[in-house]
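All values below come from the heavy atoms of this structure, side chains included, with hydrogens, waters and symmetry mates left out.
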Amino acid sequence: MALTARQLVLATLDRQFLLERRRIGVTEAVRQVCALQAQTPASPYLALWNRVQDFAPQDLDAAFADGRIVKATLMRITLHAVHAEDHASYRAAMLSTLRASRLYDRRFTATGLSPADADDLLPELARFLARPRTGAEVESELTERFGEHAHRLWWALRTYAPVRHVPTGGPWSFTSRNAYQDTAVPTDASQEAEAGVQRLLLAHLRAFGPASGQDFARFTLLTRTAITKALHGLADRVVRVAGPGRAALYDLADATVPAEDTPAPPRLLPMWDSTLLAHAVPGRVMPADHRPLVVRRNGDMLPCLLVDGQVAGVWRAVGGGLELTAFHKLGKTAWKGLAEEAGKLSVLLADRDPAVYGRYGHWWDKGISGAESMIVKA
(Lines give C-alpha, C1' and ligand atoms only; values in the text may rest on other atoms or scores of the structure.)
Protein backbone atom coordinates (compact mmCIF):
# COMPACT_ATOMS: atom_id res chain seq x y z
CA MET A 1 0.00 0.00 0.00
CA ALA A 2 1.10 3.55 -0.69
CA LEU A 3 2.28 5.62 2.26
CA THR A 4 0.10 8.58 3.18
CA ALA A 5 1.34 12.14 3.62
CA ARG A 6 0.77 11.75 7.36
CA GLN A 7 2.95 8.63 7.47
CA LEU A 8 5.77 10.48 5.72
CA VAL A 9 5.57 13.21 8.36
CA LEU A 10 5.62 10.64 11.15
CA ALA A 11 8.50 8.76 9.58
CA THR A 12 10.61 11.91 9.52
CA LEU A 13 9.70 12.85 13.08
CA ASP A 14 10.41 9.32 14.29
CA ARG A 15 13.84 9.19 12.66
CA GLN A 16 14.62 12.65 13.99
CA PHE A 17 13.75 11.56 17.56
CA LEU A 18 10.89 14.07 17.61
CA LEU A 19 8.15 11.58 18.42
CA GLU A 20 9.95 10.56 21.60
CA ARG A 21 13.19 11.75 23.14
CA ARG A 22 15.79 8.98 23.09
CA ARG A 23 18.24 7.94 25.77
CA ILE A 24 21.35 8.22 23.65
CA GLY A 25 24.75 9.94 23.77
CA VAL A 26 25.18 13.21 21.90
CA THR A 27 27.72 11.90 19.39
CA GLU A 28 25.57 8.95 18.39
CA ALA A 29 22.49 11.16 18.31
CA VAL A 30 24.19 13.49 15.83
CA ARG A 31 25.14 10.52 13.67
CA GLN A 32 21.62 9.09 13.72
CA VAL A 33 20.00 12.37 12.65
CA CYS A 34 22.65 12.83 9.92
CA ALA A 35 23.66 16.44 10.67
CA LEU A 36 22.58 19.46 12.67
CA GLN A 37 22.41 22.88 11.07
CA ALA A 38 24.93 24.99 12.99
CA GLN A 39 25.20 28.43 11.40
CA THR A 40 23.81 29.80 14.67
CA PRO A 41 25.85 28.42 17.62
CA ALA A 42 22.83 27.72 19.83
CA SER A 43 20.93 25.64 17.29
CA PRO A 44 22.75 22.28 17.64
CA TYR A 45 22.22 22.44 21.39
CA LEU A 46 18.52 23.21 21.12
CA ALA A 47 18.11 20.61 18.39
CA LEU A 48 19.54 17.93 20.68
CA TRP A 49 17.51 19.19 23.65
CA ASN A 50 14.41 18.41 21.57
CA ARG A 51 15.69 14.94 20.71
CA VAL A 52 17.77 13.52 23.58
CA GLN A 53 16.34 12.50 26.94
CA ASP A 54 18.05 14.32 29.84
CA PHE A 55 20.21 16.28 27.40
CA ALA A 56 23.15 17.96 29.14
CA PRO A 57 24.67 20.88 27.19
CA GLN A 58 28.09 20.20 28.68
CA ASP A 59 28.14 16.86 26.85
CA LEU A 60 27.97 18.69 23.54
CA ASP A 61 30.56 21.21 24.78
CA ALA A 62 32.93 18.31 25.37
CA ALA A 63 32.18 16.64 22.04
CA PHE A 64 32.99 19.84 20.16
CA ALA A 65 36.12 20.44 22.26
CA ASP A 66 37.64 16.99 21.73
CA GLY A 67 36.61 16.74 18.08
CA ARG A 68 34.08 13.90 18.33
CA ILE A 69 31.62 16.25 16.64
CA VAL A 70 32.92 18.47 13.83
CA LYS A 71 31.50 21.84 12.84
CA ALA A 72 32.25 22.64 9.21
CA THR A 73 30.74 23.98 5.99
CA LEU A 74 28.99 21.08 4.25
CA MET A 75 25.45 20.60 2.96
CA ARG A 76 23.78 23.61 1.31
CA ILE A 77 27.13 25.41 1.70
CA THR A 78 26.15 25.95 5.32
CA LEU A 79 27.72 25.15 8.68
CA HIS A 80 26.69 21.78 10.08
CA ALA A 81 27.63 19.73 13.11
CA VAL A 82 28.38 16.12 12.13
CA HIS A 83 29.91 13.02 13.69
CA ALA A 84 33.69 13.14 13.24
CA GLU A 85 33.71 9.75 11.50
CA ASP A 86 31.22 11.05 8.91
CA HIS A 87 32.92 14.35 8.18
CA ALA A 88 35.46 13.17 5.58
CA SER A 89 32.81 11.30 3.57
CA TYR A 90 30.30 14.14 3.70
CA ARG A 91 33.00 16.61 2.68
CA ALA A 92 34.03 14.38 -0.23
CA ALA A 93 30.40 14.32 -1.37
CA MET A 94 30.09 18.10 -1.15
CA LEU A 95 33.57 19.22 -2.26
CA SER A 96 32.73 19.91 -5.90
CA THR A 97 29.69 21.96 -4.90
CA LEU A 98 31.56 23.85 -2.17
CA ARG A 99 34.49 24.62 -4.44
CA ALA A 100 32.36 25.79 -7.37
CA SER A 101 30.20 27.97 -5.13
CA ARG A 102 33.24 30.09 -4.33
CA LEU A 103 35.80 29.83 -7.10
CA TYR A 104 33.28 30.63 -9.85
CA ASP A 105 31.54 33.37 -7.88
CA ARG A 106 32.12 36.94 -9.03
CA ARG A 107 33.36 37.88 -5.58
CA PHE A 108 36.34 35.60 -6.17
CA THR A 109 36.81 35.95 -9.92
CA ALA A 110 36.93 39.75 -9.56
CA THR A 111 40.25 39.34 -7.73
CA GLY A 112 41.93 38.15 -10.92
CA LEU A 113 43.08 35.01 -9.14
CA SER A 114 42.40 31.63 -10.73
CA PRO A 115 40.98 28.46 -9.14
CA ALA A 116 44.47 26.98 -9.48
CA ASP A 117 45.87 29.87 -7.43
CA ALA A 118 43.47 29.03 -4.61
CA ASP A 119 44.04 25.27 -4.86
CA ASP A 120 47.81 25.75 -4.74
CA LEU A 121 47.43 27.38 -1.33
CA LEU A 122 45.70 24.40 0.29
CA PRO A 123 48.84 22.60 1.53
CA GLU A 124 50.26 25.85 2.91
CA LEU A 125 46.93 26.67 4.55
CA ALA A 126 46.86 23.23 6.18
CA ARG A 127 50.28 23.83 7.71
CA PHE A 128 49.25 27.28 8.98
CA LEU A 129 46.08 25.83 10.51
CA ALA A 130 47.87 23.00 12.27
CA ARG A 131 46.77 24.89 15.37
CA PRO A 132 43.64 27.03 15.75
CA ARG A 133 43.76 30.46 14.10
CA THR A 134 41.22 33.24 13.84
CA GLY A 135 39.99 34.43 10.47
CA ALA A 136 41.87 37.70 11.06
CA GLU A 137 45.11 35.76 11.54
CA VAL A 138 44.60 33.86 8.30
CA GLU A 139 43.81 37.04 6.38
CA SER A 140 46.89 38.73 7.82
CA GLU A 141 49.02 35.83 6.60
CA LEU A 142 47.48 35.99 3.13
CA THR A 143 47.74 39.78 2.91
CA GLU A 144 51.52 39.61 2.71
CA ARG A 145 51.21 37.91 -0.69
CA PHE A 146 47.78 38.87 -2.01
CA GLY A 147 47.22 42.34 -0.60
CA GLU A 148 43.66 43.61 -0.93
CA HIS A 149 42.51 40.28 -2.36
CA ALA A 150 43.27 38.39 0.86
CA HIS A 151 39.77 38.87 2.28
CA ARG A 152 37.99 37.37 -0.73
CA LEU A 153 40.57 34.63 -1.08
CA TRP A 154 40.01 33.54 2.51
CA TRP A 155 36.23 33.80 1.95
CA ALA A 156 36.61 31.16 -0.75
CA LEU A 157 39.14 28.97 1.04
CA ARG A 158 37.31 28.72 4.35
CA THR A 159 34.30 27.26 2.52
CA TYR A 160 35.94 24.46 0.55
CA ALA A 161 39.33 23.88 2.20
CA PRO A 162 39.49 21.01 4.72
CA VAL A 163 38.98 23.16 7.81
CA ARG A 164 36.69 22.95 10.81
CA HIS A 165 35.50 25.54 13.27
CA VAL A 166 36.99 25.12 16.74
CA PRO A 167 35.36 26.25 19.99
CA THR A 168 36.01 29.83 21.08
CA GLY A 169 33.97 29.91 24.29
CA GLY A 170 30.63 31.47 25.09
CA PRO A 171 27.45 29.67 26.19
CA TRP A 172 27.24 27.57 23.01
CA SER A 173 30.97 26.70 22.51
CA PHE A 174 31.29 29.07 19.54
CA THR A 175 31.16 32.85 19.31
CA SER A 176 31.09 35.28 16.39
CA ARG A 177 34.90 35.40 16.61
CA ASN A 178 35.40 32.20 14.62
CA ALA A 179 38.53 30.10 14.86
CA TYR A 180 39.63 27.50 12.33
CA GLN A 181 41.84 24.42 12.24
CA ASP A 182 42.90 21.93 9.59
CA THR A 183 40.85 18.73 9.60
CA ALA A 184 43.63 16.47 8.29
CA VAL A 185 41.45 15.08 5.48
CA PRO A 186 42.64 14.97 1.85
CA THR A 187 42.58 18.33 0.06
CA ASP A 188 41.48 16.56 -3.13
CA ALA A 189 38.75 14.08 -2.31
CA SER A 190 37.49 13.75 -5.89
CA GLN A 191 38.16 10.00 -5.99
CA GLU A 192 36.06 9.53 -2.86
CA ALA A 193 33.22 11.77 -4.07
CA GLU A 194 30.99 8.99 -5.43
CA ALA A 195 31.32 6.90 -2.26
CA GLY A 196 30.74 10.04 -0.20
CA VAL A 197 27.49 10.85 -1.99
CA GLN A 198 26.28 7.29 -1.43
CA ARG A 199 27.12 7.45 2.28
CA LEU A 200 25.43 10.82 2.64
CA LEU A 201 22.34 9.59 0.79
CA LEU A 202 22.07 6.56 3.10
CA ALA A 203 22.41 8.88 6.10
CA HIS A 204 19.71 11.17 4.71
CA LEU A 205 17.29 8.28 4.26
CA ARG A 206 18.07 6.95 7.73
CA ALA A 207 17.41 10.40 9.21
CA PHE A 208 14.66 11.87 6.99
CA GLY A 209 13.32 9.10 4.77
CA PRO A 210 11.43 7.94 2.87
CA ALA A 211 12.64 10.68 0.54
CA SER A 212 12.87 11.60 -3.11
CA GLY A 213 15.81 12.66 -5.21
CA GLN A 214 14.40 16.19 -5.07
CA ASP A 215 14.40 16.03 -1.28
CA PHE A 216 18.05 14.99 -1.21
CA ALA A 217 18.90 17.74 -3.69
CA ARG A 218 17.31 20.36 -1.47
CA PHE A 219 19.15 19.06 1.60
CA THR A 220 22.54 19.06 -0.13
CA LEU A 221 22.42 21.16 -3.34
CA LEU A 222 23.99 18.22 -5.18
CA THR A 223 23.23 17.80 -8.86
CA ARG A 224 20.59 15.45 -10.28
CA THR A 225 23.36 13.53 -12.07
CA ALA A 226 25.27 12.86 -8.84
CA ILE A 227 22.09 11.82 -7.03
CA THR A 228 20.90 9.50 -9.81
CA LYS A 229 24.31 7.85 -9.93
CA ALA A 230 24.27 7.31 -6.17
CA LEU A 231 20.79 5.75 -6.28
CA HIS A 232 21.90 3.35 -8.98
CA GLY A 233 25.00 2.46 -6.98
CA LEU A 234 22.89 1.68 -3.92
CA ALA A 235 20.34 -0.49 -5.72
CA ASP A 236 20.87 -3.38 -3.29
CA ARG A 237 20.48 -1.21 -0.17
CA VAL A 238 17.74 1.21 -1.20
CA VAL A 239 14.19 0.35 -2.20
CA ARG A 240 11.52 2.36 -3.95
CA VAL A 241 8.30 2.91 -2.02
CA ALA A 242 4.92 4.27 -3.06
CA GLY A 243 3.82 7.60 -1.70
CA PRO A 244 1.04 10.18 -2.03
CA GLY A 245 2.64 12.29 -4.74
CA ARG A 246 4.21 11.83 -8.16
CA ALA A 247 7.84 11.98 -7.05
CA ALA A 248 9.59 8.62 -6.65
CA LEU A 249 10.35 7.86 -3.00
CA TYR A 250 13.28 5.79 -1.74
CA ASP A 251 14.05 4.27 1.63
CA LEU A 252 16.42 1.89 3.34
CA ALA A 253 15.46 -1.69 2.72
CA ASP A 254 14.94 -2.46 6.43
CA ALA A 255 13.32 0.86 7.43
CA THR A 256 9.94 1.06 9.12
CA VAL A 257 7.25 3.76 9.14
CA PRO A 258 4.97 4.56 12.12
CA ALA A 259 1.25 3.90 11.98
CA GLU A 260 -0.86 6.81 10.76
CA ASP A 261 -2.53 7.30 14.16
CA THR A 262 0.78 7.72 16.05
CA PRO A 263 0.61 10.92 18.15
CA ALA A 264 3.18 13.66 17.57
CA PRO A 265 4.03 15.65 20.73
CA PRO A 266 4.68 19.41 20.78
CA ARG A 267 8.24 20.64 20.27
CA LEU A 268 10.06 23.98 20.22
CA LEU A 269 12.43 23.69 17.28
CA PRO A 270 15.54 25.88 16.97
CA MET A 271 16.31 28.23 14.12
CA TRP A 272 17.05 26.37 10.88
CA ASP A 273 16.18 22.98 12.34
CA SER A 274 17.28 20.33 9.83
CA THR A 275 13.79 18.82 9.80
CA LEU A 276 12.58 21.96 8.01
CA LEU A 277 15.31 21.77 5.38
CA ALA A 278 15.47 18.09 4.48
CA HIS A 279 12.70 17.92 1.87
CA ALA A 280 11.54 19.80 -1.20
CA VAL A 281 9.81 23.10 -0.43
CA PRO A 282 7.70 23.62 1.61
CA GLY A 283 8.80 20.44 3.40
CA ARG A 284 6.80 17.87 5.33
CA VAL A 285 6.15 19.72 8.57
CA MET A 286 5.77 23.26 7.18
CA PRO A 287 2.26 24.20 5.95
CA ALA A 288 2.73 26.21 2.77
CA ASP A 289 0.75 29.19 4.06
CA HIS A 290 2.96 29.40 7.17
CA ARG A 291 6.23 29.38 5.27
CA PRO A 292 6.32 33.17 4.60
CA LEU A 293 5.81 33.76 8.33
CA VAL A 294 8.68 31.48 9.35
CA VAL A 295 11.18 31.96 6.51
CA ARG A 296 11.99 35.64 6.27
CA ARG A 297 13.00 37.59 3.18
CA ASN A 298 16.74 37.11 3.75
CA GLY A 299 16.41 33.38 4.44
CA ASP A 300 16.32 33.55 8.25
CA MET A 301 14.25 30.63 9.52
CA LEU A 302 12.70 31.49 12.88
CA PRO A 303 12.45 29.07 15.82
CA CYS A 304 9.19 27.16 15.44
CA LEU A 305 6.37 25.64 17.43
CA LEU A 306 5.60 22.10 16.31
CA VAL A 307 2.05 20.91 17.06
CA ASP A 308 0.83 17.49 15.94
CA GLY A 309 3.82 17.26 13.61
CA GLN A 310 3.22 20.59 11.87
CA VAL A 311 4.70 24.06 12.28
CA ALA A 312 2.02 26.08 14.07
CA GLY A 313 3.89 29.21 15.13
CA VAL A 314 7.15 30.69 16.35
CA TRP A 315 8.84 31.36 19.67
CA ARG A 316 11.40 33.76 21.09
CA ALA A 317 13.12 34.51 24.40
CA VAL A 318 11.68 37.48 26.33
CA GLY A 319 12.25 38.69 29.89
CA GLY A 320 13.57 35.47 31.36
CA GLY A 321 10.98 33.31 29.64
CA LEU A 322 9.63 32.40 26.22
CA GLU A 323 6.94 34.01 24.12
CA LEU A 324 4.99 31.51 22.03
CA THR A 325 3.00 32.83 19.07
CA ALA A 326 0.57 30.56 17.22
CA PHE A 327 -0.47 31.33 13.64
CA HIS A 328 -3.92 29.84 14.21
CA LYS A 329 -6.15 28.95 17.13
CA LEU A 330 -4.87 26.03 19.20
CA GLY A 331 -6.75 23.86 21.66
CA LYS A 332 -6.11 23.70 25.41
CA THR A 333 -4.23 20.41 25.12
CA ALA A 334 -1.83 21.85 22.55
CA TRP A 335 -1.17 24.96 24.64
CA LYS A 336 -0.62 22.85 27.74
CA GLY A 337 1.97 20.72 25.94
CA LEU A 338 3.74 23.76 24.48
CA ALA A 339 3.80 25.47 27.88
CA GLU A 340 5.40 22.42 29.48
CA GLU A 341 8.09 22.32 26.79
CA ALA A 342 8.67 26.07 27.06
CA GLY A 343 9.05 25.87 30.83
CA LYS A 344 11.72 23.18 30.53
CA LEU A 345 13.55 25.04 27.78
CA SER A 346 13.49 28.26 29.82
CA VAL A 347 15.29 26.44 32.64
CA LEU A 348 18.03 25.30 30.26
CA LEU A 349 18.37 28.79 28.76
CA ALA A 350 18.55 30.41 32.19
CA ASP A 351 21.88 28.68 32.78
CA ARG A 352 23.22 29.28 29.27
CA ASP A 353 21.73 32.16 27.33
CA PRO A 354 18.38 33.60 28.48
CA ALA A 355 18.30 35.93 25.44
CA VAL A 356 19.02 33.22 22.87
CA TYR A 357 18.52 34.37 19.26
CA GLY A 358 18.17 37.94 20.54
CA ARG A 359 19.76 39.38 17.41
CA TYR A 360 16.77 38.14 15.41
CA GLY A 361 14.21 40.00 17.52
CA HIS A 362 13.83 42.63 14.80
CA TRP A 363 11.54 40.24 12.93
CA TRP A 364 9.05 40.44 15.79
CA ASP A 365 9.51 44.21 15.93
CA LYS A 366 8.47 44.32 12.27
CA GLY A 367 5.40 42.27 13.04
CA ILE A 368 4.59 38.58 13.39
CA SER A 369 1.04 37.72 12.32
CA GLY A 370 -0.26 35.50 15.08
CA ALA A 371 -3.71 34.45 16.25
CA GLU A 372 -2.74 33.63 19.85
CA SER A 373 0.27 34.06 22.11
CA MET A 374 1.52 33.04 25.52
CA ILE A 375 4.52 33.93 27.68
CA VAL A 376 6.01 31.13 29.78
CA LYS A 377 8.49 31.87 32.57
CA ALA A 378 11.17 29.48 33.83
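Residues D273 and L306 fail the side-chain proximity criterion, which asks for heavy atoms closer than 4.5 Å. Looking at L157 and L121, their side chains come closer than 4.5 Å, going by heavy atoms from C-beta outward. At least one side-chain heavy atom of Q7 sits under 4.5 Å from a side-chain heavy atom of E260. A heavy-atom distance below 4.5 Å is found between the side chains of F219 and M75. In this structure, the side chains of Q310 and H290 stay at 4.5 Å or more apart for every pair of heavy atoms. Counting only heavy atoms from C-beta outward, the side chains of S373 and T325 approach each other to under 4.5 Å. For the pair W315 and Y357, the minimum side-chain heavy-atom distance is below 4.5 Å. Counting heavy atoms from C-beta outward, K71 and I69 have side chains that stay 4.5 Å or more apart.
Residues R76 and Q37 bring a donor and an acceptor atom of their side chains to less than 3.5 Å of each other. In the model, R51 has a side-chain atom that pairs as donor or acceptor with a side-chain atom of T275 under 3.5 Å. Remark: the S101 side chain and the Y160 side chain contain no N/O donor-acceptor pair separated by less than 3.5 Å.
Salt-bridge check for R21 with E341: passed, with a basic side-chain N closer than 4.0 Å to an acidic carboxylate O. No salt bridge links D117 with R145; every basic N to acidic carboxylate O contact stays at or beyond 4.0 Å. At a threshold of 4.0 Å, the pair R6-D308 counts as salt-bridged, since one of the basic side-chain nitrogens sits closer than that to a carboxylate oxygen. For the pair D14 and R22, the salt-bridge criterion is met [side-chain N within less than 4.0 Å of a carboxylate O]. Salt-bridge annotation for D105 and R152: absent, with no side-chain N of the basic residue lying under 4.0 Å from a carboxylate O of the acidic one. Under 4.0 Å is where a charged nitrogen must lie from a carboxylate oxygen, and between E340 and K336 at least one such pair does.
Between M94 and T220 the shortest heavy-atom distance is CE-O, 3.0 Å. Closest non-hydrogen pair, L46 versus V356, comes out as CD1-CG2, 4.4 Å. In plain terms, the two heavy atoms of V82 and C34 that are nearest each other are CG1-O, 4.1 Å. Contact record, W335 with A326: CZ2-CB, 3.8 Å, taken as the closest heavy-atom pair. Closest heavy-atom contact between A312 and H328: CB-NE2, 3.8 Å.
Side chain of D215 to main chain of A280: a donor-acceptor pair is present (N/O by atom type, distance under 3.5 Å, no hydrogens or angles).
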